[in-house]
Amino acid sequence: MNKVLEIENLTVNFDGFKALNNLNFSMDSGELRVIIGPNGAGKTTFLDVITGKVQPTQGRVLFKGRNLKKIPEYKIARMGIGRKFQTPRVYLNLTVRENLDLVCNHNKNVFSTLFNRPKSGEIRTVAGLLETIGLEAKAESPAALLSHGEKQRLEIGMLVAQSPDLLLVDEPAAGLTDEETENVGALILSLAEAHSIIAIEHDMEFVRQIAKNKVTVLHQGSVLCEGKMDEVQNDPRVIEVYLGKAPE
Ligand code: ADP
Ligand code: MG
C-alpha cells in the first residue's frame, strides 16, 4: 500500500516545551484518518508541521515519499496538501458560485490541464462541486448570508476544487449545530471516497459519525494509541487522558 504520509520521530520544541514529542505516524493513500486528543495534545501543531508552517526541531515528514524539510508553506500546498482552518476563509461579498469559480478557474492553466488529470470519481466542475457540498440552492447567495456550517462546506469545496492529494481539516464541527455537524460529516465521508484525509476532531459524536477506520489518539505530543473507534474508546489509557470518565 502506498503511504501518503510518513512521520518519523517528530519533535517540536517551543522554548523548552515539547508540543510534539518523538511522534511517529503513517497513513495509507486513500485513507480517512481521524485524530483525537485532549486540548493541548499537539493536534494543531501536528498539522502546522505537515503544512510547513512550523519547522520540526527533530524528525521528518515524508509526503508521498518526499521529505518536506525546509520546503516553504506555499510550495507544500502546491505539492498537494490542502488545509481547512477552523474559521472559514471564504470571500463573503462573493456568491457561493463565484467563490467556487475563483478556485476552479485559478487551476485551469495549461500545466494543470496537461498533468493534473482528475482522479476517478472526482468532480471538479463548479456544478459538480455545488452538488458535492450540498449548496446548489444557495449558489447565487452571497457567502455572507450562509450559516456557519454552510460556510464550512463551501470552504471544503474550495479546497477540493484544487484536487489536493491530502486534505487536512482541523475541527470542522466546532461551533456547528447538530444538523450542520451531520452535513459536514457526510461531506467528509463522501470526499473520503476519492481523497486521503486527516480530520482532527474534538466532538465525539462527530468522531463516531466519520471514524469508519483507524483513529489516532494524541496525548502530550505523542501517539497514545491507534485503532478502530470502539477499541480506542474502551482503551483505559484513552478514557483516563481524553474522556476523563468511563465510556457510556
Ligand atoms: P491542540 O490542537 O491539540 O489543542 P496545539 O497543537 O494547539 O494543541 O498545542 C499544543 C501545545 O503547544 C499547547 O500546550 C500549546 O499551548 C503549545 N503551543 C502551540 N503553539 C505554540 C507556540 N507557537 N509557542 C509556544 N507554545 C505553543
Ligand atoms: Mg487545535
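Order of listing sets the numbers, starting from 1, for every ligand and every atom in it.
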Query - Check: Glu150 side chain, Ser147 main-chain N or O, donor-acceptor pair, under 3.5 Å - result: yes

query = Crowded around Glu182 CD? As in, over 12 foreign heavy atoms under 6.0 Å?
reply = no

* Check whether any N, O or S atom of Thr45, backbone or side chain, sits closer than 2.8 Å to the Mg ion (ligand 2). => no

side-chain hydrogen bond (donor to acceptor under 3.5 Å, both in side chains) for Lys84 and Gln152? Distances and angles first, verdict last.
CA-CA 9 Å; Lys84 163 82 188 72; Gln152 297 281 31; 2.6 Å; yes

Contacts for ligand 1, heavy atom under 4.0 Å, by chain and number, are Phe14, Phe17, Ala19, Pro38, Asn39, Gly40, Ala41, Gly42, Lys43, Thr44, Thr45

* Asked: Ignoring hydrogens and geometry, is there a side-chain-to-backbone donor-acceptor pair from Glu171 to Glu201 under 3.5 Å?
  -> no

Extract all donor-acceptor atom pairs below 3.5 Å that involve side chains of residues 33-40 and protein atoms in other chains or at least two apart in sequence.
residue, atom, partner, partner atom, Å
Arg33, NE, Glu31, OE2, 2.7
Arg33, NH1, Thr216, OG1, 2.8
Arg33, NH1, Glu226, OE2, 3.1
Arg33, NH2, Ser26, O, 3.0
Arg33, NH2, Glu31, OE1, 3.4
Arg33, NH2, Glu31, OE2, 2.9

- Message: I'd like to know if Glu231 pairs up with Lys228 as an ion pair, taking the criterion as any Lys NZ or Arg NE/NH1/NH2 lying under 4.0 Å from an Asp or Glu carboxylate oxygen.
- Response: no

